[in-house]
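Structure first, commentary second.
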Amino acid sequence: MGVICNASEITDPGGTVRRSVDEWLERDAQLLWHPYSSLSEPSPVRLVRGASGVRLQLTDGVEVIDAMSSWWSVIHGYRNPVLDAALKSQVDDFSHVMFGGLTHEPAIRLAERLVEITPAPLEHVFFCDSGSVSVEVAIKLALQYQVARGYVGRSRMLTVRGGYHGDTFAPMSVCDPVNGMHSLFTGALQEQVFGPQPPAGFDRPADDPELQAWAAAMAAVASERADEVAAIVVEPILQGAGGMYPYSPACLRVLRSLADQHGFLLILDEIATGFGRTGVMFASEHAGVDPDILCIGKALTGGYLSLAAMLCTAEVAQTVSNGPGGALMHGPTFMANPLACSVALASIELLLAQDWAARVAAISAGLTAGLAPAAELPSVKDVRVLGAVGVVQLAGPVDMVRMTDAVLRRGVWVRPFRDLVYTMPPYVCTDEEIATIGSAITDAVREVG
């Protein structure tokens, strides 16, 4: 860990002292509301001075490995020269233009590439501001689709417990209503249809008794509520912010079958799992399942700018286009922002130009080895790794402040939540950096408990 600046002050490029670190943090506390935080009892925040590669440069004089990829998005690292160049080149042309009545090359080229790399039936792309908005659009599209087919009463989504799909209203309604983060909004949200959470375990076979019981329960719910349901909405294979919870690909095949049987659409939320995170380009590939609607975001731009996309089949698009209204009724001001599209295209090309699957496999092996000792600790309930995702689940709630500090002192940045200390590192981490992440988390859990 190298010293990067005086811990007590930050200077402008000319060397003049502007404000001390404490003064900046004081102003932050006075003005800014951080995610899932209280203004009366705020959690500590750290001031970032810079970032390069996989490391964050903090103003308390240390560099730390960002084991979170800045919430799972910075897969190529910070200040990547390829992505930097894509942004700078686009700035020279134009930074933004409305997408109503106008178009531009970056959006067209990115759409072409997305259609090429996503599951085969997906042919049309709608760009959004964020992952949560892409889920909003997907739900809206599913509702319009059923209305166009004459099923006006099909106004609910079918999903499973344990899911998380975003913080805007439609996505909140399909998050876990009891153990999720949005129970305060019960009564204000659309009431959706929830089935049981799939049995845990990526390697659980299709003939496993628990999985078969789950499949029967889902079939019963789908049959009972078929006249109300427009679509099934799930995170494929790995539930993210709902608990970093992996489940068998066989479960996804069950959901595809139920959708086909009852005339539901299948919406797959790959915002967290897309672009190689679970070891395949899109997590649905583990099951050999194609969605009717796909949501992607986060790593789409390599973490440089906010951009997401909703993709759908030609059948869905044509049905809605020929239905009441004749259009998908959504249109964000900054949709298909040229800067974001340019850097997204560069990020995808950078990913495809390398053996990303081998790199993710190496990260998986490194996390498995590094986190394995944590399984022996008395405070640990479970340790699991899937692709470039490593999770230590505690037996009780994590002390976020103490755990964050303990991992940080070992040169790694993580953001624990609920009962989880987890990592989704950048793909460009070296084997040594992955080992550091694993040992830092394990040792911190041993210390804090």
Side-chain angles (χ1 to χ4, degrees), residues 1-35 37 42-91 95 298-307 339-340 342-344 346-347 350-351 363 388 401 404-416 423-437 440-441 444:
M1 294 186 291
V3 175
I4 58 157
C5 68
N6 187 305
S8 63
E9 60 187 34
I10 297 179
T11 61
D12 65 19
T16 304
V17 174
R18 294 182 294 168
R19 290 177 179 168
S20 70
V21 172
D22 288 343
E23 287 172 331
W24 281 115
L25 294 177
E26 181 181 358
R27 290 300 286 154
D28 177 281
Q30 292 169 348
L31 297 172
L32 293 175
W33 210 330
H34 288 263
S37 68
S43 300
V45 296
R46 276 89 181 172
L47 197 60
V48 177
R49 182 70 173 87
S52 182
V54 302
R55 296 176 185 270
L56 300 174
Q57 301 158 1
L58 308 180
T59 52
D60 53 5
V62 299
E63 283 189 349
V64 295
I65 299 169
D66 177 12
M68 305 302 292
S69 300
S70 272
W71 269 339
W72 328 338
S73 62
V74 185
I75 57 175
H76 303 299
Y78 298 95
R79 293 178 61 190
N80 184 287
V82 173
L83 304 191
D84 286 357
L87 278 181
K88 292 173 182 176
S89 176
Q90 184 58 42
V91 165
S95 297
K298 287 193 181 294
L300 175 59
T301 68
Y304 269 57
L305 288 166
S306 180
L307 180 70
L339 291 175
S342 295
V343 75
S347 177
L350 187 60
L351 182 65
I363 292 172
V401 175
T404 301
D405 287 343
V407 181
L408 197 67
R409 281 189 272 106
R410 292 166 171 86
V412 174
W413 169 253
V414 297
R415 182 71 172 172
T423 175
M424 285 190 175
Y427 300 165
V428 293
C429 282
T430 64
D431 292 345
E432 181 181 1
E433 287 164 338
I434 294 299
T436 298
I437 292 170
I441 290 175

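- Applying the salt bridge (charged side-chain N to carboxylate O under 4.0 Å, His left out) rule to Asp431 yields the partners Arg359; only residues at least two apart in sequence or on another chain are considered.
- Here Arg415 pairs with nothing under the side chain to side chain donor-acceptor pair (under 3.5 Å) rule; sequence neighbours left out.
- In this view, Ala299 and Ile75, Phe275 satisfy the side-chain contact (heavy atoms from CB on, under 4.5 Å) rule, not counting sequence neighbours.
- Side-chain atoms of Thr301 do not come within 3.5 Å of backbone N or O of Ala340 as any donor-acceptor pair.
- With sequence neighbours excluded, the residues forming a side chain to side chain donor-acceptor pair (under 3.5 Å) with Ser347 are His76, listed by chain and number.
- For the side-chain contact (heavy atoms from CB on, under 4.5 Å) test, no residue two or more places apart in sequence or in another chain qualifies with Ser89.
- Between Gly303 and Val74, the closest heavy-atom pair is CA-CG2, 4.0 Å.
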Check step by step if side-chain contact (heavy atoms from CB on, under 4.5 Å) holds for Leu32 and Val45. CA-CA 11 Å; Leu32 293 175; Val45 296; over 6 Å; no
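- Take Ala86 and apply the side-chain contact (heavy atoms from CB on, under 4.5 Å) test, not counting sequence neighbours, and it matches Ala346.
- Residues passing the side chain to side chain donor-acceptor pair (under 3.5 Å) test with Arg27 are Gln30, sequence neighbours excluded.
- Of the possible polar contacts, none joining the Ser70 side chain to the Ser73 backbone as a donor-acceptor pair under 3.5 Å is found.
- With sequence neighbours excluded, no residue forms a side chain to side chain donor-acceptor pair (under 3.5 Å) with Trp413.
- Residues that satisfy the salt bridge (charged side-chain N to carboxylate O under 4.0 Å, His left out) test with Arg46, not counting sequence neighbours, are Asp405.
- Put simply, the side chain of Trp24 never gets that close to the backbone of Asp28: no donor and acceptor are under 3.5 Å apart.
- The side-chain contact (heavy atoms from CB on, under 4.5 Å) search around Ala51 returns Leu56, Tyr78, not counting sequence neighbours.
- With a 4.5 Å cut-off on side-chain heavy atoms, Ile434 and Pro425 count as touching.
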